Amino acid sequence: VQLQASGGGLVQAGDSLRLSCAASERSLSSYHLGWFRQAPGKERESVAVISSNGRGLVYTERVKGRFTISRDNAKNTVYLQMDSLKPEDTAVYYCAASSVYSSKESAYRYWGQGTQVTVSS
């Protein structure tokens, strides 16, 4: 599965961004999908996970109430709507696909290339 993330950019605190991650060559419908991020000097962390049927959602505490993960299997795409962005959300954001419903990075076999999100104060 090849994943292509897009939608990052430079925004101000309080702004919104929507990240997209599209797959080519294979359907994502049977995969659980996740967004992860890695800030400078920090380890990569899970941001949000959505189950293959879209009913299971997991968010890290730091983004609950501000970020929303969703998927459109017809478009073979997963989204991350990010509202009320904070400077501490600055990171490279990665999408990933797994056959296991998990927030653990090690469960994800397929990864996108990452898209930079920078939030200025």
Side-chain angles (χ1 to χ4, degrees):
V1 178
Q2 290 191 335
L3 301 173
Q4 181 74 35
S6 61
L10 172 62
V11 297
Q12 292 186 331
D15 285 350
S16 298
L17 274 177
R18 188 175 82 154
L19 305 182
S20 300
C21 177
S24 59
E25 301 182 354
R26 191 181 297 184
S27 171
L28 288 178
S29 61
S30 63
Y31 290 94
H32 309 292
L33 303 172
W35 285 98
F36 294 76
R37 68 185 180 185
Q38 186 167 22
K42 296 186 178 181
E43 293 186 352
R44 190 156 54 185
E45 64 172 349
S46 173
V47 175
V49 175
I50 186 167
S51 63
S52 58
N53 61 13
R55 297 193 191 105
L57 302 172
V58 179
Y59 295 94
T60 184
E61 283 295 327
R62 283 186 283 274
V63 307
K64 277 184 179 179
R66 300 189 298 121
F67 290 12
T68 304
I69 188 171
S70 62
R71 63 190 297 162
D72 185 337
N73 285 341
K75 295 183 178 179
N76 226 22
T77 301
V78 59
Y79 304 98
L80 185 68
Q81 177 66 41
M82 304 186 295
D83 298 320
S84 302
L85 282 161
K86 303 176 180 180
E88 51 263 44
D89 294 319
T90 294
V92 177
Y93 283 71
Y94 299 88
C95 58
S98 173
S99 57
V100 177
Y101 183 51
S102 173
S103 296
K104 294 183 178 180
E105 183 178 341
S106 59
Y108 288 77
R109 179 178 180 183
Y110 304 105
W111 290 84
Q113 85 289 2
T115 184
Q116 176 71 47
V117 172
T118 303
V119 185
S120 64
S121 57

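Since this is a predicted model, take the numbers as computed values, not measurements. Note: hydrogens, waters and symmetry copies are ignored here, and every other heavy atom, side chains too, is used.
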* Structure fact -> Given the options Leu17, Thr68, Leu19, Gln81 meets side chain to side chain contact (heavy atoms under 4.5 Å, CB included) only with Thr68

* If we only count heavy atoms from C-beta on, is the Tyr94 to Gln38 side-chain gap below 4.5 Å? -> yes

* Asked: So, do Ile69 and Val78 sit near enough that their side-chain heavy atoms are less than 4.5 Å apart?
  -> yes

* Asked: Does a side-chain heavy-atom distance below 4.5 Å link Leu28 with Leu3?
  -> yes

* Under a 4.0 Å N-O cut-off, is there an ion pair linking Arg62 with Glu88? -> no

* Asked: Minimum heavy-atom separation for Tyr59 to Ala48, with atom names?
  -> CD2-CB, 3.6 Å

* Specify the closest pair of heavy atoms between Ser103 and Val58, including all atoms of both residues, with the distance to one decimal. => OG-CG1, 3.5 Å

* **Side chains of Tyr31 and Arg26, donor plus acceptor under 3.5 Å** => yes

* Minimum side-chain heavy-atom gap Tyr110-Cys95 below 4.5 Å -> no

* Residue list, side chain to side chain donor-acceptor pair (under 3.5 Å) with Lys42, at least two apart or on another chain -> none

* May I ask you to check whether Phe36 and Trp111 place their ring centers less than 6.0 Å from one another? => yes

Check residues 114-121 and write down every donor-acceptor pair under 3.5 Å in which the side-chain atom is one partner and the other belongs to a residue at least two apart or another chain.
{"unit_1": "Thr115", "atom_1": "OG1", "unit_2": "Gly8", "atom_2": "N", "d": "3.1"}
{"unit_1": "Gln116", "atom_1": "NE2", "unit_2": "Ala91", "atom_2": "O", "d": "3.4"}
{"unit_1": "Gln116", "atom_1": "NE2", "unit_2": "Thr118", "atom_2": "OG1", "d": "3.3"}
{"unit_1": "Ser120", "atom_1": "OG", "unit_2": "Val11", "atom_2": "O", "d": "3.3"}

* To do: May I ask whether Leu57 and Trp35 are part of the same hydrophobic cluster, defined by side-chain heavy atoms of I, L, V, M, F, W, Y residues being less than 4.5 angstrom apart, directly or through others?
  => yes

* To do: Find out whether Val49 and Tyr101 are in side-chain contact, i.e. whether some heavy atom of one side chain is under 4.5 Å from a heavy atom of the other.
  => yes

* To do: Report whether Leu85 and Tyr79 are members of the same hydrophobic cluster (ILVMFWY, side-chain heavy atoms less than 4.5 Å apart, transitive linking).
  => no

* Asked: Are Tyr93 and Ile50 co-members of a hydrophobic cluster defined by side-chain heavy atoms under 4.5 Å apart?
  -> yes

* Asked: Side chains of Arg66 and Met82: closer than 4.5 Å at any heavy-atom pair?
  -> no

* To do: Test salt bridge (Lys or Arg N to Asp or Glu O under 4.0 Å) on Arg37 and Asp89 and set out the steps.
  => CA-CA 9 Å; Arg37 68 185 180 185; Asp89 294 319; 2.9 Å; yes

* To do: Test side chain to side chain contact (heavy atoms under 4.5 Å, CB included) on Ser30 and Ser52 and set out the steps.
  => CA-CA 5 Å; Ser30 63; Ser52 58; 5.7 Å; no

* To do: Determine, using the 4.5 Å side-chain heavy-atom cutoff (strictly less than), whether Val47 and Val92 are members of one ILVMFWY cluster.
  => no

* So do Phe67 and Leu80 actually touch side chain to side chain, heavy atoms under 4.5 Å? -> yes

* Asked: So, the side chain of Thr77 versus the backbone of Lys75: is there a donor-acceptor pair under 3.5 Å, distance only?
  -> yes

* Asked: At their closest point, which heavy atom of Asp83 faces which heavy atom of Ser16, and how far apart are they?
  -> OD1-OG, 2.7 Å

* Going from NE2 on His32 to OG on Ser98, what distance comes out if it is rounded to the nearest 0.5 angstrom? -> 6.5 Å

* Asked: Does Ser51 offer a backbone N or O that forms a donor-acceptor pair with the side chain of Arg71 under 3.5 Å?
  -> yes

